[in-house]
Peer 1: 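After the structure tokens below, expect a handful of questions from me.
In listed order, ligands and their atoms are each counted from 1. Starting from 1, each residue takes its place in the sequence as its number.
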Amino acid sequence: MNEDFRLLNSDSLSPSHPFWQFTTDTEIEFCLASKDPDGIATTGIVRTYTDSTAFVEMDSPKYTVTGGSDSWDPTQYLNLWVCHLNDGLGLLGYAAFPADLATDPDLDGVVISYTAFGYIGTATAPNDLGRTGTHEVGHWLNLRHIWGDDTCGDDFVADTEIAEAANYGCPTFPHNANSTCGSGVDGEMYMNYMDYVDDACMNMFTYDQGIRMQSALYGDRAGLLTSLGCSAPTGLLNEGSLENGFKIYPNPSNGSFTVDTHMLKYDDISISVYDLLGSKIQKFENIKSFPFKMDLNDLSNGIYYFKINSGNKTITQKVIIAK
Ligand code: ARG
Ligand code: ZN
Ligand code: CA
């Protein structure tokens with residue numbers, strides 16, 4: 001997203017292309033949150049186990065009670081859910097517009113299918129270059145589809161050429177020149193992020209699209225301008241951050257575990273080891289530095305629980321010893 005919004009994408013148009021003059025650095029950038037709404041250190045990523053094999057109900061990923069995960073204050077954060085969407089809809093993603101933030105704060109944000117997110121892992125061709133994120137966040141910053149969602153419709157952006165309808169796949173330039181709705185000799189701007197072409201064939205926002213997105217940032221989304229989401233965390237641990245903040249590896253292990261955290265501030269951390277029947281086997285107290293190595297080689301194979309405690313907060317994680 002930073003590459004695309006800052007015109008650092010390696011596939012941007014070359015100066016000889018007639019549409020090159022419209023390409024723009026929108027000067028909008030994104031960061032993974034370093035501080036959660038409670039002031040606690042975070043990676044900016046909340047991983048949520050769900051029993052839902054697919055989110056069939058629209059917007060169900062946005063609520064913990066429906067198997068998803070409640071959003072963070074949408075005036076301060078861009079909430080972006082990655083999940084398994086309803087296969088039947090064939091939807092890569094969807095977004096909420098800035099004008100709906102005040103009336104439907106819980107629904108604000110962007111949802112993206114795990115098959116169309118980023119460019120590694122589960123991202124699947126032809127949507128494996130992260131452009132669904134670019135497209136949806138374009139909507140989230142008030143951009144409309146280039147064809148105005150209508151035959152020869154209006155996207156309220158002056159420097160995007162009028163388009164008859166959505167374009168798919170990978171058209172060749174010029175596409176639909178001198179169309180019935182009046183596109184010029186250079187045809188439609190199908191390579192715009194707000195069209196529907198394949199990831200590999202979209203590569204630009206226009207100057208006026210950039211202005212429209214910036215206006216959203218000075219208007220309905222102005223809360224982001226003073227958001228502290230990307231500043232240094234200040235608070236102490238809460239349960240949520242405990243859960244996301246500790247890593248135990250390897251797991252399973254032969255009995256030597258390392259516990260690590262990215263937390264910058266914590267108080268009085270202890271780790272108790274319990275067996276499957278709930279008897280406490282061992283306790284490591286007053287842990288001051290991480291990564292912390294734990295030697296449990298004397299224990300026999302099986303399932304154990306680590307209870308990680310900080311102040312009056314506790315989380316429990318399952319570990320397996322297999323020699
Ligand atoms: N909402 C659109 C869809 O689900 C996203 C299109 C994104 N296009 C892309 N090439 N990644 O179809
Ligand atoms: Zn769209
Ligand atoms: Ca236009």
Peer 1: Counting backbone and side-chain atoms alike, does Val157 have an N/O/S atom under 3.0 Å from the Ca ion (ligand 3)?
Peer 2: yes

Peer 1: Would you check the N or O atoms of Leu92, main chain and side chain alike, for any that come under 3.5 Å of an N or O of ligand 1?
Peer 2: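 Yes, at least one N or O pair falls under 3.5 Å.
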
Peer 1: I'd like to know if the side chain of Ser16 pairs up with that of Ser14 as donor and acceptor (distance under 3.5 Å, no hydrogens or angles considered).
Peer 2: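 On atom types as modelled, these side chains qualify, holding a pair under 3.5 Å.
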
Peer 1: Are any of the N or O atoms of Leu91 closer than 3.5 Å to those of ligand 1?
Peer 2: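 No; the residue has no nitrogen or oxygen that sits under 3.5 Å from a nitrogen or oxygen of the ligand.
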
Peer 1: What's the NE2-the Zn ion (ligand 2)-NE2 angle here (His139, His135), rounded to 10 degrees?
Peer 2: 100°

Peer 1: For ligand 1, which atoms, with element, lie under 4.0 Å from some heavy atom of Asp199?
Peer 2: 9 (C), 10 (N), 11 (N)

Peer 1: Against Ser12, only a single residue in Thr23, Leu7, Asp25, Asp4 fulfils side-chain contact (heavy atoms from CB on, under 4.5 Å); can you say which?
Peer 2: Leu7

Peer 1: Does even one non-hydrogen atom of Tyr94 get within less than 4.0 Å of ligand 1?
Peer 2: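 Tyr94: no contact with ligand 1 (<4.0 Å).
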
Peer 1: Between the side chains of Asn203 and Asn9, does any donor sit under 3.5 Å from an acceptor?
Peer 2: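 No - no donor-acceptor pair under 3.5 Å links their side chains.
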
Peer 1: So that I can tick it off, tell me whether Lys62 and Asp104 are bridged by a salt bridge, with the cut-off set at under 4.0 angstrom between side-chain N and carboxylate O.
Peer 2: no

Peer 1: Backbone or side chain, does any N or O of Thr132 fall under 3.5 Å from an N or O of ligand 1?
Peer 2: yes

Peer 1: Salt bridge between Glu27 and Arg6, side-chain N to carboxylate O under 4.0 Å?
Peer 2: no

Peer 1: How about Asn251 and Gln317: does a side-chain donor come under 3.5 Å of a side-chain acceptor?
Peer 2: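 Result is no, nothing qualifies.
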
Peer 1: For ligand 1, is any non-hydrogen atom under 4.0 Å from Asn127's backbone (N, CA, C, O), its side chain (CB onward), both, or neither?
Peer 2: side chain

Peer 1: Provide, to 0.1 Å, the distance between atom 1 (N) of ligand 1 and the closest protein heavy atom, together with that atom's residue and name.
Peer 2: Glu136 OE2, 2.8 Å

Peer 1: What angle, in degrees and rounded to 10°, do you get at the Ca ion (ligand 3) when you join it to OD1 of Asp155 and to O of Thr160?
Peer 2: 140°

Peer 1: If we ignore angles and hydrogens, is there a donor and acceptor under 3.5 Å between the side chains of Thr64 and Asp70?
Peer 2: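 Indeed, the side chains of Thr64 and Asp70 share at least one donor-acceptor pair under 3.5 Å.
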
Peer 1: Does Ala116 have a non-hydrogen atom less than 4.0 Å from ligand 1?
Peer 2: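 No; Ala116 lies far enough from ligand 1 that no heavy-atom distance drops under 4.0 Å.
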
Peer 1: Between Asp260 and Lys293, does at least one N-O distance fall below 4.0 Å, as a salt bridge requires?
Peer 2: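 Salt bridge flag = no for Lys293 with Asp260.
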
Peer 1: Please identify which atoms of ligand 1 are closer than 4.0 Å to at least one heavy atom of Arg131.
Peer 2: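 It comes down to these atoms of ligand 1: 11 (N).
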
Peer 1: Please confirm whether Val197 approaches ligand 1 to less than 4.0 Å, judged on its heavy atoms.
Peer 2: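 For ligand 1, residue contact (heavy atoms, under 4.0 Å) with Val197 is present.
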
Peer 1: Measure the CG-OG distance between Asn142 and Ser215 for me, rounded to the nearest 0.5 Å.
Peer 2: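 It is 8.5 Å, given to the nearest 0.5 Å.
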
